[in-house]
J.: 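For reference, the structure I am asking about is given below.
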Amino acid sequence: MNRGKIVMPISKLREHPYADVLCYPKFTLEELERRIFELKNLGITAIEFAGEKSISTVRVLGKGYVGVVVIAHAKRGKVALKIRRTDAGRKGMQHEAEMLKKANTLGIGPPLLGVTRNFLLMKFIEGKLLPEWLNSLKGDKKIVKTRISFVLRTLLIQCWQMDKAGLDHGELSHAPKHIIVDIEDIPYIVDFETASVNRRPSNLTSLCQYLFISSSVTEKIFKNLGKVDRGVVIKALRDYKKCFSKENFEKVLWACRLGDKKGLDKVT
Ligand SMILES: Nc1ncnc2c1ncn2[C@@H]1O[C@H](COP(=O)(O)OP(=O)(O)O)[C@@H](O)[C@H]1O
Ligand SMILES: [Mg+2]
């Protein structure tokens, strides 16, 4: 296994195992040629194989049910490229691009940079997934607490904004792979594949469930921020679900120990 990064220009992507990443999990020559053509149209000059996950013997940023995410080189620099899996349930990346674009209008998610049938191009978020980020925090307890509070409060505000805008992410109740915290402690919600504007949003409820009710990160959060009263959080969310008002949202924030005396003036 090569743990370093490998940069492959487009012209070399016909070689294995790189070609297998472009056409994962089922490789065919026709599909590879179609995809290389699309990459050229997107202005991609090379693909960088690096990251925590792997396919065959090469490293990638991430791997899910719909896509494989790698770093790509474009004129503007390094970008993130989501490659549609050959066995993905979706016919193309258009739906995800539309949902991400809608999130972007709210200042949420990695900015969308381009889309074709098999690829989605977006800003590369250099950072760690939320559980890893939480585990990486060391040093002064007060600083750690402030950093966690800032990131979680920002995330809850993002969920409220999406709820109000009618955009449901759809996968925030098991969020471990869908929140990246960048090197400046800015959290990004990723993967709008299952997002929809046609159902009642439950972003905040889902995320609070994940963060404060029951998951592998709950204990870690309680250890740093103090334990929340689950009953109070559930009650606040129940009221919030009826109306996504600022007052109801602030009650959720306070229940999660993320309230702020200054309130939400800058947000609304
Ligand atoms: N813009 C990005 N920058 C950096 N890493 C990303 C980016 N988007 C996704 N990833 C990584 O790739 C993984 C898979 O992406 P995701 O969109 O969830 O694919 P899938 O739809 O297949 O689940 C994520 O969990 C994350 O680790
Ligand atoms: Mg995913």
Side-chain angles (χ1 to χ4, degrees), residues 5 7 20-26 35 42 44 46-55 58-74 76-104 106-136 151 155 158 162 167-196 203 206-207 210 215-217:
K5 69 170 190 191
V7 179
D20 305 297
V21 177
L22 276 190
C23 294
Y24 178 82
K26 190 171 170 283
R35 290 182 175 215
L42 282 168
I44 303 298
I47 288 184
E48 182 171 323
F49 296 96
E52 300 294 315
K53 301 278 157 20
S54 61
I55 285 184
V58 289
R59 315 293 305 176
V60 296
L61 285 178
K63 194 165 112 184
Y65 292 111
V66 172
V68 173
V69 181
V70 294
I71 299 170
H73 292 196
R76 56 180 294 137
K78 283 187 192 187
V79 296
L81 178 75
K82 183 161 173 175
I83 306 167
R84 190 172 72 96
R85 287 175 59 137
T86 55
D87 61 354
R90 295 263 184 186
K91 285 212 176 74
M93 301 300 276
Q94 209 61 47
H95 169 78
E96 180 167 355
E98 268 164 40
M99 297 299 112
L100 178 58
K101 216 187 308 176
K102 170 121 182 153
N104 287 169
L106 306 166
I108 296 165
L112 175 73
L113 304 173
V115 65
T116 60
R117 180 176 151 86
N118 292 298
F119 300 103
L120 186 143
L121 209 60
M122 61 192 143
K123 185 176 166 189
F124 168 45
I125 309 301
E126 199 173 350
K128 293 187 171 75
L129 292 172
L130 185 70
E132 278 130 54
W133 179 78
L134 283 167
N135 284 330
S136 74
V151 166
L155 279 169
Q158 291 185 358
M162 289 197 291
L167 173 65
D168 189 37
H169 180 278
E171 283 198 62
L172 291 177
S173 56
H174 38 249
K177 288 183 171 171
H178 294 140
I179 294 164
I180 307 174
V181 183
D182 83 356
I183 41 183
E184 282 168 347
D185 282 359
I186 307 294
Y188 285 84
I189 295 171
V190 297
D191 195 357
F192 287 80
E193 211 287 315
T194 40
S196 169
N203 298 297
S206 302
L207 188 69
Y210 170 69
S215 84
S216 53
V217 297

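One-based numbering, in listed order, for ligands and for the atoms of each.
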J.: So, using salt bridge (charged side-chain N to carboxylate O under 4.0 Å, His left out) as the criterion, who are the partners of Asp185 when residues are at least two apart?
T.: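 Applying salt bridge (charged side-chain N to carboxylate O under 4.0 Å, His left out) to Asp185 gives Arg147.
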
J.: I want to know whether His169 and Phe192 have ring centres closer than 6.0 Å.
T.: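 Yes, the ring centres sit under 6.0 Å apart.
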
J.: Between Asn203 and Leu167, is there a donor-acceptor pair closer than 3.5 Å when you use the side chain of the first and the backbone of the second?
T.: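 It does hold such a pair.
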
J.: Quick one: look up the protein heavy atom nearest atom 15 (O) of ligand 1 and list residue, atom name and how far away it is.
T.: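 Ranked first by proximity to atom 15 (O) of ligand 1 is Val69 CG2, 3.5 Å.
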
J.: Nearest protein heavy-atom contact for atom 27 (O) of ligand 1: which residue, which atom, what distance?
T.: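 The closest heavy atom on the protein side is Leu129 CD2, 3.7 Å.
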
J.: Which residue and non-hydrogen atom of the protein lie closest to atom 24 (C) of ligand 1, and at what distance in Å?
T.: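 The answer is Lys177 O, 3.6 Å.
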
J.: Does the pair Asp182 and Lys128 meet the rule for a salt bridge (charged side-chain N to carboxylate O under 4.0 Å, His left out), with working shown?
T.: CA-CA 7 Å; Asp182 83 356; Lys128 293 187 171 75; over 6 Å; no

J.: Can you sort out which atoms of ligand 1 are near Gly62, meaning under 4.0 Å from one of its heavy atoms?
T.: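 Answer for ligand 1: 12 (O), 13 (C).
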
J.: Tell me the closest heavy-atom pair linking Ile47 and Phe49, and the distance in Å.
T.: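 Heavy atoms of Ile47 and Phe49 come nearest at CG2-CZ, 3.6 Å.
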
J.: Looking only at heavy atoms, what is the nearest atom pair of Pro187 and Ile179, with distance?
T.: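 Shortest heavy-atom separation between Pro187 and Ile179 comes out as CB-CG2, 4.3 Å.
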
J.: Tell me the closest heavy-atom pair linking Asn104 and Gly109, and the distance in Å.
T.: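 Closest approach of Asn104 to Gly109, heavy atoms only: ND2-O, 3.5 Å.
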
J.: Polar contacts were defined as any N/O atom of the residue lying under 3.5 Å from an N/O atom of the ligand; does this apply to Gly67 and ligand 1?
T.: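 N/O-N/O distance under 3.5 Å: yes.
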
J.: Picking from Val66, Val69, Leu100, what satisfies side-chain contact (heavy atoms from CB on, under 4.5 Å) with Leu120?
T.: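 By the side-chain contact (heavy atoms from CB on, under 4.5 Å) criterion, Leu120 pairs with just one of Val66, Val69, Leu100: Leu100.
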
J.: Could you tell me the residue and atom name of the protein heavy atom closest to atom 2 (C) of ligand 1, and the distance to it rounded to 0.1 Å?
T.: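 The closest one turns out to be Ala80 CB, 3.7 Å.
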
J.: Out of all atoms in ligand 1, which are within 4.0 Å of some heavy atom of Gly64? Include the element for each.
T.: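 The atoms of ligand 1 under 4.0 Å from a heavy atom of Gly64 are 20 (P), 22 (O), 23 (O).
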
J.: What heavy-atom pair brings Val115 and Ala97 nearest, and what distance separates the two atoms?
T.: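 Here Val115 and Ala97 meet closest at CG2-CB, 3.7 Å.
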
J.: Please could you name the atoms of ligand 1 that Pro110 approaches to less than 4.0 Å, counting only its heavy atoms?
T.: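 It comes down to these atoms of ligand 1: 1 (N).
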
J.: Could you find the nearest protein heavy atom to atom 17 (O) of ligand 1 and give me its residue, atom name and distance?
T.: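 For atom 17 (O) of ligand 1, the nearest protein heavy atom comes out as Lys82 NZ, 2.7 Å.
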
J.: Out of Met93, Arg35, Gln94, Arg84, which one pairs with Arg117 under the side-chain contact (heavy atoms from CB on, under 4.5 Å) rule?
T.: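 Considering Met93, Arg35, Gln94, Arg84, a side-chain contact (heavy atoms from CB on, under 4.5 Å) with Arg117 is found only for Arg84.
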
J.: Among protein heavy atoms, which lies nearest atom 1 (N) of ligand 1, and at what distance?
T.: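 Ranked first by proximity to atom 1 (N) of ligand 1 is Lys123 O, 2.9 Å.
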
J.: Any N or O of Val66 that comes nearer than 3.5 Å to an N or O of ligand 1?
T.: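 Yes, at least one N or O pair falls under 3.5 Å.
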
J.: N/O of Glu96 under 3.5 Å from N/O of ligand 1, yes or no?
T.: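 Not met; the criterion fails.
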
J.: Write out the residue and atom name of the closest protein heavy atom to atom 8 (N) of ligand 1, then the distance separating them to 0.1 Å.
T.: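 Here the closest protein heavy atom is Met122 CE, 3.4 Å.
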
J.: Return a yes/no value for Phe124: is any of its N or O atoms, backbone included, closer than 3.5 angstrom to an N or O of ligand 1?
T.: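 Between Phe124 and ligand 1 (N or O atoms, distance only) the closest approach is not under 3.5 Å.
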
J.: Quick one: salt bridge (Lys or Arg N to Asp or Glu O under 4.0 Å) pairs with a partner in residues 168-178, sequence neighbours left out?
T.: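 Qualifying pairs: Asp168-Arg199.
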
J.: How close do Pro131 and Pro176 get, counting heavy atoms only, and between which atoms?
T.: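 Reported closest heavy-atom pair: CD-O, 3.5 Å.
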
J.: Take the Mg ion (ligand 2) as the centre and count protein N, O or S atoms at distances under 2.8 Å.
T.: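 Step by step: take the Mg ion (ligand 2), keep protein N, O, S below 2.8 Å, and you get 2.
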
J.: For ligand 1, note which part of Tyr188 has a heavy atom under 4.0 Å away: side chain, backbone, both or neither.
T.: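 Contact part for Tyr188 vs ligand 1: neither.
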
J.: In this structure, which one of Ile189, Leu61, Ile125 forms a side-chain contact (heavy atoms from CB on, under 4.5 Å) with Ile180?
T.: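 Exactly one candidate clears the test, Ile125.
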
J.: Atoms of ligand 1 less than 4.0 Å from Leu61 heavy atoms?
T.: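 Counting from 1, the qualifying ligand atoms are 4 (C), 5 (N), 27 (O).
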
J.: Which residues pass the salt bridge (charged side-chain N to carboxylate O under 4.0 Å, His left out) test with Lys78, not counting sequence neighbours?
T.: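 Testing Lys78 for salt bridge (charged side-chain N to carboxylate O under 4.0 Å, His left out), a comparison that skips the adjacent residues, returns Glu48.
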
J.: Does Arg85 approach ligand 1 within less than 4.0 angstrom via side chain, backbone, both or neither, non-hydrogen atoms only?
T.: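 Neither part.
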
J.: Grab the two heavy atoms, one from Arg59 and one from Ser54, that are nearest each other, plus how far apart they are.
T.: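 In terms of heavy atoms, the two residues are closest at NH1-CB, 4.0 Å.
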
J.: Taking distance alone, with N or O pairs closer than 3.5 Å, would you say His178 contacts ligand 1?
T.: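 Right, the criterion is met.
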
J.: Specify the protein heavy atom at minimum distance from atom 6 (C) of ligand 1: its residue, its atom name, and the distance to 0.1 Å.
T.: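 Here the closest protein heavy atom is Ile180 CD1, 3.5 Å.
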
